[in-house]
**Q** 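Structure provided below as structure tokens; questions to follow.
Count residues from 1 along the sequence.
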Amino acid sequence: MQLRQKVIFLAIAPLIVALCAIALFVRQQAIALAHEQHATIQQAYLASKQAELRHYVDLASHSIANLTASGRSDPATLAEAKRVLQSLSFGDDGYFFVYDMQGRNLMHPRQPELVGRDLWNLRDQFGAPTIQNIVAVAKQGGGLVRYNWVKPSTNKSGPKLGYVVAIPQWGWIMGSGLYLDDVQAALDQVDAQQSRNIQTTMWWIAGVAILATLVIGGAGLALNVSESRVADTKLKALAQRVVDSQEQERARLSRDLHDGISQWLVSIKLQIEAGIIRMKGTPDQQRQAHASFERTAEELNKVLGEVRRISHDLRPTLLDDLGLAAALDHLAEEFSQHSGTPVTFAASGDRDAEYLPQTVGTVLFRIAQEALTNIERHAGARHIDLSLHTARGRVLLTIADDGAGFDAEGVATHPQRGIGLRNMMERLDAIGGHLDIASSAAGTTVCASVELENE
């Protein structure tokens with residue numbers, strides 16, 4: 001796969017996945033909201049129907065209240081009560097009915113063929129005892145009851161919500177009902193509208209996804225091409241910096257070897273040659289040769305010390321043998337000796353520094369070297385504190401001095417200065433670490449922290 005194809009794939013694939021996830025989530029939430037609205041509307045609609053039924057039955061009860069309160073139960077009074085109830089209606093399918101306590105129909109304005117019939121054992125198409133349930137609710141004080149009954153306007157059986165009350169002085173059960181198919185039709189209409197809204201939302205998301213894919217894909221391709229060019233430029237600059245650092249290190253080693261070790265070796269060679277010549281002379285010359293050889297031995301010890309110093313700067317053996325803490329302690333001691341600035345080193349924590357990963361130890365040691373070199377060259381400090389704190393999951397190296405301080409941000413971004421700071425930052429970035437620098441007229445503190453993987 002070519003780079004351009006990879007860029008397009010990496011730019012668009014996560015976007016498509018994210019938009020699909022958003023669409024599924026939105027659809028799921030929309031369906032859940034539709035169900036909640038359905039339940040809420042249904043509950044509110046039924047509550048209004050229940051209240052409406054109670055009002056109808058209360059109205060019918062008040063219509064015959066003068067007859068029930070008279071205390072009479074003669075046929076004329078009962079016939080008058082039936083006539084009043086039969087005259088009350090609300091719509092084609094709204095009427096009142098009357099039964100006795102044994103389930104015999106006494107009055108039914110829409111189905112007069114039922115009047116006088118014993119309907120106690122009447123059951124609907126689902127096998128539920130219709131009249132028995134109505135009588136049972138009425139005997140318990142009255143209330144709501146659900147059952148199935150033939151709707152007069154359609155002559156088809158459907159669900160019905162009834163409200164019944166007992167008239168105990170006459171042994172009657174009076175009530176009315178509302179058919180629920182209208183409620184279901186309204187709910188079906190709401191569900192259909194919700195479904196259309198969800199579908200419209202999905203189409204909008206799909207359209208936005210396609211448009212966003214095209215726009216972001218094109219923008220991502222342009223951005224990646226631009227970033228590739230910038231990355232190439234930075235990589236070339238970094239490679240040049242590495243080459244410059246190598247050349248600087250070679251130049252430093254060359255100066256150390258030429259100006260130090262080479263001069264010492266020439267001096268030692270001359271002293272040895274002079275000593276050899278004197279050894280062939282008089283006893284006094286032989287004594288001078290012996291003293292010359294002693295001075296030569298001292299010079300050789302100095303040469304060996306300088307070689308060890310150069311070797312330690314390149315790669316301290318203590319770092320490999322005893323760990324970071326021992327190498328830093330030795331570095332502090334050597335720096336104190338050759339610079340004259342006292343360095344105090346302290347190590348603490350709940351994890352042994354010698355068990356740190358080799359890469360982490362090397363990076364932190366180089367940062368300490370670079371910091372001490374910068375302090376010696378620029379800070380003019382009188383005292384330096386070097387500390388290493390290791391804990392489970394984290395290691396912290398701190399170098400603090402009481403020198404003059406500097407503008408850390410300005411130096412770090414200056415093209416000709418701050419090479420040492422940039423080297424420290426780049427070393428830490430390579431291992432996932434972080435460098436903090438706080439500098440003022442009272443001194444400078446450099447903190448290098450690295451998060452370690454849990455073992």
**Q** Give me the atom names and distance for the closest heavy-atom approach of A379 to D401.
**A** CB-OD1, 4.0 Å
**Q** Got more than 12 heavy atoms from elsewhere within 6.0 Å of CZ, R382?
**A** no
**Q** Is the backbone N or O of S336 less than 3.5 Å from a side-chain atom of T341, with the two atoms forming a donor-acceptor pair by type?
**A** no
**Q** May I ask you to decide if A400's main-chain N or O and D385's side chain share a donor-acceptor pair within less than 3.5 Å?
**A** no
**Q** Please determine whether side chain to side chain contact (heavy atoms under 4.5 Å, CB included) holds for the pair C447 and T445, giving the CA-CA distance in whole Å, both sets of side-chain angles, and the decisive distance to 0.1 Å.
**A** CA-CA 7 Å; C447 295; T445 301; 3.8 Å; yes
**Q** How far apart are the C-alpha atoms of Y163 and L178, what are their side-chain angles, what is the distance that settles it, and do they pass the side chain to side chain contact (heavy atoms under 4.5 Å, CB included) test?
**A** CA-CA 9 Å; Y163 191 88; L178 294 172; over 6 Å; no
**Q** Ignoring hydrogens, what is the shortest heavy-atom contact between S157 and N148? Give both atom names and the distance.
**A** OG-CB, 3.9 Å
**Q** With rounding to the nearest 0.5 angstrom, report the CD1 to CG distance, I399 to L328.
**A** 8.5 Å
**Q** Supply the atom-to-atom distance N374 CG to T444 OG1, rounded to the nearest 0.5 angstrom.
**A** 10.0 Å
**Q** For residues I375 and A381, report the shortest heavy-atom separation together with the two atoms involved.
**A** CG2-CB, 3.9 Å
**Q** Would you please test L428 and V363 for side chain to side chain contact (heavy atoms under 4.5 Å, CB included) and show each step?
**A** CA-CA 7 Å; L428 278 174; V363 169; 4.2 Å; yes
**Q** If I compare all heavy atoms of P152 with all of Y179, which pair ends up nearest, and what's the gap?
**A** CD-OH, 3.4 Å
**Q** Indicate yes or no for a side-chain donor-acceptor contact from D329 to the backbone of A325 under 3.5 Å, with no hydrogens or angles considered.
**A** no
**Q** Which value, rounded to the nearest 0.5 Å, describes the distance between E36 atom CD and Q29 atom CD?
**A** 8.5 Å
**Q** Can you see which heavy atom on L386 is nearest to which on V343, and at what distance?
**A** CB-CG1, 4.2 Å
**Q** For the CG atom on N155, are there more than 12 heavy atoms of other groups (residues, nucleotides or ligands in this structure) within a distance under 6.0 Å?
**A** no
**Q** At what distance, to the nearest 0.5 angstrom, does CZ of F97 lie from CD1 of I173?
**A** 9.0 Å
**Q** Tell me the closest heavy-atom pair linking D124 and T130, and the distance in Å.
**A** N-OG1, 3.8 Å
**Q** To the nearest 0.5 angstrom, please state how far the CE atom of M425 sits from the CD1 atom of I437.
**A** 4.5 Å
**Q** What residue pairs, at least two apart or across chains, pass salt bridge (Lys or Arg N to Asp or Glu O under 4.0 Å) with a residue in residues 131-156?
**A** D93-K151, K151-D181, K151-D182
**Q** Roughly how far apart are I134 CD1 and Y147 OH, rounded to 0.5 Å?
**A** 4.5 Å
**Q** Please check this pair: side chain of H330 against backbone of A326, looking for a donor-acceptor N/O pair closer than 3.5 Å.
**A** no
**Q** Using the ring of each side chain (for Trp, its six-membered ring), is F90 parallel, tilted or perpendicular to Y56, with breaks at 30° and 60°?
**A** parallel
**Q** State, without any angle test, whether R196 and Q199 hold a side-chain donor-acceptor pair at a distance under 3.5 Å.
**A** no
